[in-house]
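In what follows, residues are counted from 1 in the order of the sequence shown.
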Amino acid sequence: MQQAYRYAVLYFLLFSLLLLGSSLLLFEDKIGLSVSGVLEYYLGNEDKFLVEKSWLTIVKIILPHIFAFGLFFMVVLHFLLFTKHRTSKQFIKLSYAIFFVGFLELFSPYFIIMGLDFFAYLKLISFILLELLVLYTLWLLLASIYKH
């Protein structure tokens, strides 16, 4: 692997870690890492002056995320193609898992506002699982860069 490519991937990995960390902090601050926090955020809470989210509000929230998630996942997985993992079944499973869990994370709020409270669990689990899957993928990339 060329040295310039290693530097480019390393910088991308560092910024990706900042992205993951900031998304965790923002999610915890805005929604909370509890099912009750997720339900309050989407269904509202008069005592805390939280307004119930509408379909349109959720569209406005997820629309930029759809593009950003897709692009970020594509770039991370594209970098992984240049490693020994490209021919493994693990790569295929990881690719499907990241996109599927990202889809669940983005679209579960619609089911929450439809009154299906179970999807608050799914929202929380999919967010945490997505963070872990991306972190694992970044670890695979980092390990591939510095493997001699």
Side-chain angles (χ1 to χ4, degrees), residues 1-43 45 50 53 55-148:
M1 185 178 299
Q2 292 182 348
Q3 195 66 21
Y5 177 76
R6 285 185 177 147
Y7 287 137
V9 173
L10 182 62
Y11 291 137
F12 180 80
L13 292 175
L14 291 174
F15 280 103
S16 297
L17 287 175
L18 289 173
L19 177 71
L20 287 177
S22 62
S23 67
L24 181 63
L25 290 173
L26 287 171
F27 190 93
E28 196 279 326
D29 182 58
K30 196 171 195 176
I31 298 175
L33 294 173
S34 68
V35 174
S36 62
V38 172
L39 289 172
E40 281 183 352
Y41 180 77
Y42 290 106
L43 300 178
N45 184 334
L50 294 173
K53 303 293 185 265
W55 287 81
L56 184 58
T57 303
I58 294 174
V59 167
K60 288 178 181 178
I61 293 170
I62 70 168
L63 194 59
H65 288 86
I66 292 171
F67 176 74
F69 277 25
L71 183 63
F72 179 70
F73 299 157
M74 191 275 304
V75 170
V76 170
L77 294 170
H78 182 78
F79 281 154
L80 202 58
L81 276 174
F82 294 107
T83 69
K84 66 177 181 151
H85 300 289
R86 74 175 167 264
T87 57
S88 70
K89 289 184 180 181
Q90 178 188 24
F91 174 76
I92 300 295
K93 290 177 184 177
L94 189 59
S95 299
Y96 283 129
I98 285 176
F99 279 101
F100 180 71
V101 172
F103 179 83
L104 289 177
E105 203 277 327
L106 284 173
F107 291 99
S108 57
Y110 283 113
F111 296 101
I112 295 170
I113 66 169
M114 287 175 23
L116 302 170
D117 292 351
F118 166 76
F119 279 88
Y121 290 98
L122 190 61
K123 172 72 175 175
L124 205 53
I125 290 168
S126 61
F127 174 76
I128 293 167
L129 186 58
L130 186 61
E131 293 269 320
L132 293 174
L133 284 170
V134 172
L135 195 59
Y136 177 66
T137 306
L138 296 177
W139 171 253
L140 289 176
L141 279 172
L142 186 64
S144 296
I145 289 174
Y146 287 107
K147 187 175 180 181
H148 295 276

Note to self: Once rounded to the nearest 0.5 Å, what's the spacing between atom CH2 of W55 and atom CE of M114?
What the structure shows: 5.5 Å
Item checked: Nearest atoms (heavy-atom pairs only) where E105 meets S126 -> CA-OG, 3.3 Å
Note to self: To check you understand the geometry: which heavy-atom pair defines the closest contact between L94 and L140, and what is its length?
What the structure shows: CD2-CD1, 4.0 Å
Notebook entry, point to check: How long is the span from the CG atom in L33 to the CD1 atom in I128, to the nearest 0.5 Å?
Noted result: 6.0 Å
Checklist line | L25, L138, L132 screened by side chain to side chain contact (heavy atoms under 4.5 Å, CB included) with L20, the one that passes | finding: L138
Next item on the list: Report yes if the side chains of L10 and L142 come closer than 4.5 Å at any heavy-atom pair, otherwise no.
Entry: yes
Checklist line | Pair F99-L77, side chain to side chain contact (heavy atoms under 4.5 Å, CB included): steps then yes or no | finding: CA-CA 11 Å; F99 279 101; L77 294 170; 3.6 Å; yes
Check: What heavy-atom pair brings K123 and F27 nearest, and what distance separates the two atoms?
Finding: CE-CE1, 3.9 Å
Note to self: Just to verify, what does E40 make a salt bridge (Lys or Arg N to Asp or Glu O under 4.0 Å) with, not counting sequence neighbours?
What the structure shows: K48
Next item on the list: Assess whether side chain to side chain contact (heavy atoms under 4.5 Å, CB included) is satisfied between I98 and Y136, documenting all intermediate values.
Entry: CA-CA 11 Å; I98 285 176; Y136 177 66; over 6 Å; no
Notebook entry, point to check: Among all residues two or more places apart in sequence or in another chain, which pass the side chain to side chain contact (heavy atoms under 4.5 Å, CB included) test with D117?
Noted result: L39, L43
Margin query: If you define the side chain from C-beta out and look only at heavy atoms, does anything of S16 sit under 4.5 Å from F72?
Written below: yes
Checklist line | Interatomic distance, F127 atom CZ to L122 atom CG [nearest 0.5 angstrom] | finding: 14.0 Å
Margin query: Tell me whether the rings of F111 and F119 are parallel (<30°), tilted (30 to 60°) or perpendicular (>60°).
Written below: parallel
Note to self: With heavy-atom distances below 4.5 Å as the criterion, would you say the side chains of L129 and F100 are in contact?
What the structure shows: no
Next item on the list: Mind listing the closest non-hydrogen atom pair of I145 and R6 along with its distance?
Entry: O-NE, 3.1 Å
Notebook entry, point to check: Once the angle between the rings of H65 and F69 is folded into 0 to 90°, is it parallel (under 30°), tilted (30 to 60°) or perpendicular (over 60°)?
Noted result: perpendicular
Next item on the list: Please name the pair of heavy atoms, one in S34 and one in L124, separated by the smallest distance, quoted to 0.1 Å.
Entry: C-CD2, 3.7 Å
Item checked: Pairwise distance OG1(T137) to CZ(F91) - rounded to 0.5 angstrom -> 9.0 Å
Checklist line | Approximate separation, where rounding is to 0.5 Å, of S36 OG and N45 CG | finding: 9.5 Å
Checklist line | Atom pair CG/CD1 of L26 and I31 - distance to nearest 0.5 Å | finding: 10.0 Å
Next item on the list: Of all the heavy-atom pairs spanning K53 and I113, show the shortest one and how long it is.
Entry: O-CG2, 3.7 Å
Margin query: So for atom CZ, which belongs to F103, do other residues, nucleotides or ligands contribute more than 12 heavy atoms lying within a distance under 6.0 Å?
Written below: no
Next item on the list: Only counting residues at least two apart or in another chain, list the ones meeting side chain to side chain contact (heavy atoms under 4.5 Å, CB included) with I62.
Entry: I58, I66, L106, F107, Y110
